[in-house]
Asks: 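Supplied in structure tokens, the structure appears directly below.
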Amino acid sequence: MKDYALSLLLMLSVSAFSYAQEVEVDYKQISEYIANNQTDYEALLQRYEANDSLLVLQDYATVYYGHSFTSSYRGSMETFSEMDDFIKEKKLEEAFEWGKNYRKQNPVSLRLLALLYGLGKELGKDPAELNGYITKVIRLLHVISSSGDGQSAETAFKVICVNDEYQLMRILRVKMVQQSLIGNCDMIEIEPTTGYNGTQIWFDVSRSLNYTSNLFSK
């Protein structure tokens with residue numbers, strides 16, 4: 001079975017990403033925004049779903065990081081096992097419909113968006129719908145790559161789940177050597193590559209760590 005997520009991500013140009021901090025990610029501020037401006041956030045989500053061309057990178061950052069402060073957020077514990085089972089059984093239509101329905105709970109999953117693109121392409125779905133998935137993947141990856149430069153714990157790329165680390169590393173075409181949890185960061189040692197400067201990539205995973213900690217403390 002084709003790796004749909006990888007097929008999509010390898011289509012994207014590394015040059016589309018900056019690997020320099022362009023978006024402000026203040027979790028306290030985002031948390032307060034979600035708590036006090038639910039109607040505005042819902043309106044922003046609707047524009048995101050419609051691929052509104054007037055949305056700026058900071059809007060996409062609010063959508064992405066804001067999801068981690070909603071009740072449907074599951075951190076790095078989220079899986080798409082039912083969808084994966086459908087794909088293994090070659091029930092692609094069922095997998096596609098399951099994924100579309102699940103996006104109501106998680107509209108910012110990079111893996112889910114990539115899978116929907118790949119499945120939809122194979123099933124001959126509406127190109128406009130597929131373009132919508134591609135657009136979201138590009139914008140969200142741009143958000144993550146603009147949240148820092150990945151060179152240290154202080155300037156780590158900020159992600160809301162571990163799987164999003166792997167999606168960014170795929171577009172960089174890096175090969176992971178070792179992974180270590182250091183404080184609130186995943187430090188990934190990689191083989192040298194032309195797509196990234198250095199042999200370490202740092203990811204701030206504090207949101208998913210906080211979710212897991214709070215879950216098991218209940």
Side-chain angles (χ1 to χ4, degrees), residues 5-6 9-10 12-34 48 56-70 73-79 106-114 136-216:
L6 181 58
L9 293 170
L10 292 183
L12 305 178
S13 170
V14 172
S15 63
F17 308 104
S18 63
Y19 311 115
Q21 189 166 359
E22 294 180 9
V23 298
E24 181 182 354
V25 184
D26 184 326
Y27 284 137
K28 183 176 184 296
Q29 186 178 64
I30 295 172
S31 173
E32 292 174 352
Y33 171 78
I34 298 300
Y48 162 80
V56 297
L57 193 61
Q58 194 68 47
D59 293 325
Y60 280 95
T62 300
V63 169
Y64 175 72
Y65 296 109
H67 175 70
S68 71
F69 293 98
T70 67
Y73 177 61
R74 296 294 178 269
S76 296
M77 300 184 69
E78 186 170 50
T79 65
N106 185 350
V108 298
S109 167
L110 291 171
R111 180 170 183 265
L112 185 55
L113 287 165
K136 290 178 178 64
V137 170
I138 293 174
R139 298 292 185 268
L140 294 177
L141 280 172
H142 194 177
V143 163
I144 294 169
S145 70
S146 298
S147 66
D149 61 16
Q151 296 292 310
S152 67
E154 292 74 23
T155 61
F157 295 128
K158 294 178 173 61
V159 294
I160 63 173
C161 74
V162 171
N163 191 267
D164 290 344
E165 299 177 12
Y166 303 142
Q167 306 308 321
L168 182 59
M169 287 193 292
R170 282 183 174 189
I171 192 63
L172 292 173
R173 304 186 187 189
V174 301
K175 183 175 182 181
M176 182 171 68
V177 175
Q178 184 174 321
Q179 181 174 2
S180 304
L181 181 62
I182 302 176
N184 288 325
C185 291
D186 268 346
M187 190 277 286
I188 314 293
E189 294 185 20
I190 63 171
E191 293 184 356
T193 177
T194 57
Y196 181 78
N197 182 28
T199 56
Q200 292 183 349
I201 305 181
W202 291 75
F203 291 95
D204 180 332
V205 291
S206 56
R207 289 301 304 132
S208 60
L209 289 176
N210 288 342
Y211 172 82
T212 304
S213 176
N214 291 336
L215 184 67
F216 287 103

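We're numbering straight along the sequence, starting at 1.
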Asks: So which heavy atom on Val137 is nearest to which on Leu113, and how close?
Replies: CG2-CB, 3.6 Å
Asks: Quick one: does Tyr48's side chain have a donor or acceptor within less than 3.5 Å of a partner on Pro107's backbone?
Replies: yes
Asks: Does Tyr64 have any side chain to side chain donor-acceptor pair (under 3.5 Å) partners at least two apart in sequence or in another chain, and if so, which?
Replies: Asp164
Asks: Looking at every non-hydrogen atom in both residues, tell me the closest pair between Met169 and Ile188 and how far apart they are.
Replies: SD-CG2, 3.7 Å
Asks: Could you tell me which residues satisfy side chain to side chain donor-acceptor pair (under 3.5 Å) with Gln58, sequence neighbours excluded, listed by chain and number?
Replies: none
Asks: Residues in side chain to side chain contact (heavy atoms under 4.5 Å, CB included) with Asp59, at least two apart?
Replies: Leu44, Leu55, Val56
Asks: Would you compute the distance between atom CD1 of Ile201 and atom CD of Gln151 and round it to the nearest 0.5 angstrom?
Replies: 8.5 Å
Asks: Between atom OG1 of Thr199 and atom CD of Glu191, what is the distance when rounded to the nearest 0.5 Å?
Replies: 10.5 Å
Asks: Check whether Tyr65 reaches the backbone of Lys158 with its side chain - one donor and one acceptor, N or O, closer than 3.5 Å.
Replies: yes
Asks: Has Asn197 got more than 12 heavy atoms of other residues, nucleotides or ligands less than 6.0 Å from its CG?
Replies: no
Asks: Working to the nearest 0.5 angstrom, can you tell me the gap between Asn106 CG and Arg74 CZ?
Replies: 9.5 Å
Asks: Under the rule for side chain to side chain contact (heavy atoms under 4.5 Å, CB included), what residues qualify as partners of Ser31, not counting sequence neighbours?
Replies: Phe69
Asks: Of the non-hydrogen atoms in Leu57 and Arg139, which two are nearest, and what is the gap between them?
Replies: CD1-O, 4.1 Å
Asks: One pair to check against side-chain contact (heavy atoms from CB on, under 4.5 Å): Ile30 and Val25. What are the steps and the verdict?
Replies: CA-CA 8 Å; Ile30 295 172; Val25 184; 4.3 Å; yes
Asks: Could you pull out all residues at least two apart from Lys28 that satisfy side chain to side chain donor-acceptor pair (under 3.5 Å)?
Replies: Glu32
Asks: For Thr193, check side chain to side chain donor-acceptor pair (under 3.5 Å) against everything at least two apart and list the hits.
Replies: none
Asks: Would the distance check show the side chain of Ser145 and the main-chain N or O of Leu141 forming a donor-acceptor pair, the cut-off being under 3.5 Å?
Replies: yes
Asks: May I ask you to test the Val205-Glu165 pair for a side-chain heavy-atom distance under 4.5 Å?
Replies: yes
Asks: Provide the closest heavy-atom pair for Thr62 versus Tyr33 in the form atom of the first, atom of the second, distance.
Replies: CG2-CE2, 3.7 Å
Asks: Test your reading of the model: is there a side-chain donor-acceptor pair from Ser76 to the backbone of Ser208, 3.5 Å cut-off?
Replies: no
Asks: Starting at CG of Leu168, measure out to CG of Leu140 and round the result to the nearest 0.5 Å.
Replies: 12.0 Å
Asks: Mind checking whether Tyr73 and Tyr211 have parallel, tilted or perpendicular rings, split at 30° and 60°?
Replies: perpendicular
Asks: Rounded at 0.5 Å granularity, tell me how far OH in Tyr166 sits from SG in Cys161.
Replies: 10.0 Å
Asks: Please give me the minimum heavy-atom distance between Tyr27 and Ser206, naming the atom from each residue.
Replies: CE1-OG, 3.6 Å
Asks: Do you know the tightest heavy-atom contact between Ile160 and Ser68?
Replies: CG2-CB, 3.9 Å
